[in-house]
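First the structure, in the form of structure tokens, and then the observations on it.
Scope of the values below: all heavy atoms of this structure, side chains included, with no hydrogens, waters or symmetry mates.
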Amino acid sequence: MSLSHGYRASWWTYILHQVPHTNFQFEVVDSNFAPQEWNYQQALLFLAGIAGLCLAISLVLICVYLIRFCCCSPQEEEDSKSNRVCCVTWSCVAAVIICCAGIGIGFYGNSETNDGVYQVTYSLMNANHTLSSIDLLISDTVQLLNSVVKSDLTQLEEIFSKRTDFVVIVRNTRREVESVSQHLAEISFWKGVDLNPNAVAEQVNFIEDYRWLAYILLLLLDLIICLFTLLGLAKQIKWLVIVMTVISFFVLLLSWGSMGLEMATAVGLSDFCTDPDAYVLNQTQVITNISPDILQYYVSCNQEVTNPFRQRLTMSQRALSNIHPQLHGLEREAIPQFPAAERHLLVVQAMLNTTEGNFHHLVALLNCRGLHKDYVDALKGLCYDGMEGILFLLLFSFLSALSFTAAVCSLPRAWKRFQNRDLDYDDMDEDDPFNPQESKRFVQWQSSI
């Protein structure tokens, strides 16, 4: 269970996490998120294969229906012509309505998924900025301390060479400065790490842009098919209905395929979101080789986990505090006797003030609240908005697959109904305003007038 403060897995995450995980040998697999293991990959592929099974069933149903339709006797069609016409019409209308509802759901799900992924990338960039600021601040401070030790403090030892007591004070100051520099250098835990959160964010952002665009094109394709199908049925344009039937068949394949991908993604994401801390701690430690105590401190950020930098920060603060009275003593006693030392003491004092300012800033950056907030925000974006969006996309794919299955079955009967419409006018009601023969007679009557 996640220990992250501010994040709790949603109920749909728990439900999806309970979905049985089975490999290709029909053996139960552990549902803990482990994408690098082949058994876990098999379990997700097995779930995606359910959509393939649904596709096979729908294709069998379509074949059976079309075979029955083609082999149906004309006399049987003539006897139930009115009932068949009503059934075909309402089947096409229901398919279009279902498809339009699925398209609306799909647009919402695509937007939610996009928002969740961009929340992840934004949090990664914020974390990268914090980590880079820590490294840069420590590097600049250590460099400043080392430069003062090598230059000004060395010069002061030479100036005070005739006064042993002053030399002792300067050497004590040197040891304190070197101690601060050493402790700060040991705090820099992200320096030289192979993992770059900013690069990861850019890669995720790049993939998400193409994923979003692909779904937008799929949604627009579904919408165009629905509109042109309605147009072909309303105007009784045979070639348009035939083209839409063929395209609907291929979109049917895409719908079932996207459903399998979304099903596997949803279950895998639910496995991660149920207990994200364990996976994040393990993988980050393997990639970066950072101390587990540091990782646990930032991932958990609660009172039960102690600050791994507390001891070094305390010793650095104590060393900085010890430097102050030593410098004040030299200013008070040494400068009247050695005026040349004043410039070097001022430089050391300025270094001390700068170091203290950087130190307080570093303490704030090292606090777990900032990085932990970025971590929790990334989890919420991925496991709340992202998961919700994927579920809506899954529903869209399912509704789209159902609607196009119905369309592929109904549209052939529809175009056969009006393929010879000029020969069937005698069967129409004479008072039907949509009867073309009645329209012709009306035009001729107007012309005679």
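Within a 6.0 Å sphere centred on OH of Tyr279, other residues, nucleotides and ligands contribute more than 12 heavy atoms. Within a 6.0 Å sphere centred on CD of Gln311, other residues, nucleotides and ligands contribute 12 heavy atoms or fewer. The environment of Glu186 atom CD is dense: over 12 non-hydrogen atoms of other residues, nucleotides or ligands sit within 6.0 angstrom. Heavy-atom contacts from other residues, nucleotides or ligands closer than 6.0 Å to CZ of Phe189 number more than 12. At most 12 non-hydrogen atoms from other residues, nucleotides or ligands lie less than 6.0 angstrom from CZ of Phe228.
The only option from Leu399, Leu218, Leu223 that meets the side-chain contact (heavy atoms from CB on, under 4.5 Å) definition with Ile103 turns out to be Leu223. For the side-chain contact (heavy atoms from CB on, under 4.5 Å) with Val177, the lone residue among Thr355, Val148, Leu144, Leu145 that qualifies is Leu145.
In this structure, the separation between CD1 on Ile98 and OG1 on Thr405 is 10.0 Å, given to the nearest 0.5 Å. Rounding to the nearest 0.5 Å gives a distance of 5.5 Å between CG of Asn110 and CG of Leu393. Taking CD1 from Ile187 and CG from Leu365, the interatomic distance works out to 11.5 Å, rounded to the nearest 0.5 Å. The CD atom of Gln283 lies 12.0 Å from the CG atom of Leu295; values are rounded to the nearest 0.5 Å. One distance of note links SG of Cys383 with CD of Gln119; it measures 12.0 Å at 0.5 Å rounding. How far CH2 of Trp12 is from SG of Cys273: 10.5 Å, rounded to the nearest 0.5 Å.
A centroid separation of less than 6.0 Å is found between the aromatic rings of Phe206 and Tyr210.
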*Just do the side-chain contact (heavy atoms from CB on, under 4.5 Å) check on Asn196 and Val200 with the steps written out, would you?*
CA-CA 6 Å; Asn196 186 353; Val200 175; 5.9 Å; no
_Set out, in order, the CA-CA distance, both residues' side-chain angles and the distance that settles side-chain contact (heavy atoms from CB on, under 4.5 Å) for Asn307 and Tyr297, then state yes or no._
CA-CA 7 Å; Asn307 187 344; Tyr297 171 67; 3.4 Å; yes
*Yes or no on side chain to side chain donor-acceptor pair (under 3.5 Å) for Ser133 and Thr130, after CA distance, side-chain angles and deciding distance?*
CA-CA 5 Å; Ser133 299; Thr130 301; over 6 Å; no
*Decide side-chain contact (heavy atoms from CB on, under 4.5 Å) for Asp277 and Val280; before the verdict, give the C-alpha distance in whole Å, the side-chain angles of both, and the deciding distance to 0.1 Å.*
CA-CA 5 Å; Asp277 291 356; Val280 171; 5.8 Å; no
*Walk me through it: do Phe26 and Phe46 pass the test ring-ring contact (aromatic ring centres under 6.0 Å, His included)?*
CA-CA 9 Å; Phe26 298 98; Phe46 188 88; 5.7 Å; yes
*Any chance you could lay out the side chain to side chain donor-acceptor pair (under 3.5 Å) test for Thr121 and Asn205, step after step, and finish with the verdict?*
CA-CA 7 Å; Thr121 60; Asn205 200 10; 5.1 Å; no
*Intermediate values then yes/no, side-chain contact (heavy atoms from CB on, under 4.5 Å), Asp115 and Tyr384*: CA-CA 10 Å; Asp115 291 342; Tyr384 290 170; over 6 Å; no
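For the pair Asn32 and Asp275, the minimum side-chain heavy-atom distance is 4.5 Å or more. Side-chain contact between Tyr375 and Pro276 is present, with at least one heavy-atom pair separated by less than 4.5 Å. Contact of the Thr22 side chain with the Glu27 side chain is not registered, since no non-hydrogen atoms from C-beta on lie closer than 4.5 Å. Side-chain contact between Val246 and Val243 is absent, with no heavy-atom pair separated by less than 4.5 Å. Side-chain contact between Met387 and Ser270 is present, with heavy atoms from C-beta onward closer than 4.5 Å. Looking only at side-chain heavy atoms (C-beta outward), Trp212 and Thr113 stay at 4.5 Å or farther from each other. By the 4.5 Å heavy-atom criterion applied to side chains, Asn289 and Val193 are not counted as neighbours. Phe359 places a side-chain heavy atom less than 4.5 Å from the side chain of Val363.
Neither side chain, Arg211 nor Asn114, offers a donor N or O lying under 3.5 Å from an acceptor on the other. The closest side-chain donor-acceptor pair between Ser248 and Thr245, if any, does not fall under 3.5 angstrom. Side-chain contact check for Ser258 and Ser397: at least one donor-acceptor pair (N or O, by modelled atom type) lies under 3.5 Å. For the residue pair Glu356 / His324, a side-chain donor-acceptor distance below 3.5 Å is found, with atom types taken as modelled. Looking at Ser188 and Asp135, their side chains do bring a donor and an acceptor atom within 3.5 Å of each other.
For the pair Gly109 and Phe392, the tightest heavy-atom approach, listed with the atom from each and the gap, is CA-CB, 3.6 Å. Phe33 approaches Gly268 most closely through the heavy-atom pair CD1-O, 3.3 Å. Residues Ala201 and Leu124 share a closest heavy-atom pair of CB-CB, 3.8 Å. Across every non-hydrogen atom of Leu137 and Asn358, the tightest pair is CD2-O, 3.4 Å. Scanning all heavy atoms of the two residues, the minimum distance from Leu47 to Pro20 falls at CD2-O, 4.2 Å. Shortest non-hydrogen contact noted between Ala264 and Leu44 is CB-O, 3.6 Å.
Side chain of His183 to main chain of Ser181: no donor-acceptor pair is present (N/O by atom type, distance under 3.5 Å, no hydrogens or angles). With hydrogens and angles ignored, the 3.5 Å screen pairs a side-chain donor or acceptor of His372 with a backbone N or O of Val299. Judged by distance alone, with hydrogens and angles left aside, the side-chain atoms of Tyr215 form no donor-acceptor pair with the main-chain N or O of Phe107 at under 3.5 Å. Between the side chain of Ser132 and the backbone N or O of His129 there is no donor-acceptor pair closer than 3.5 Å.
The aromatic rings of Phe309 and Tyr298 are tilted relative to each other, their planes meeting at an angle between 30° and 60°.
Sorted by first and then second residue, the salt bridge (charged side-chain N to carboxylate O under 4.0 Å, His left out) pairs with a member in residues 377-405 read Lys373-Asp377; sequence neighbours excluded. For residues 34-55, every residue pair satisfying the side-chain hydrogen bond (donor to acceptor under 3.5 Å, both in side chains) rule, not counting sequence neighbours, is listed here: Tyr40-Asp271.
The sulfur atoms (SG) of Cys100 and Cys226 lie 2.5 Å or more from each other.
With sequence neighbours excluded, no residue forms a ring-ring contact (aromatic ring centres under 6.0 Å, His included) with Phe24.
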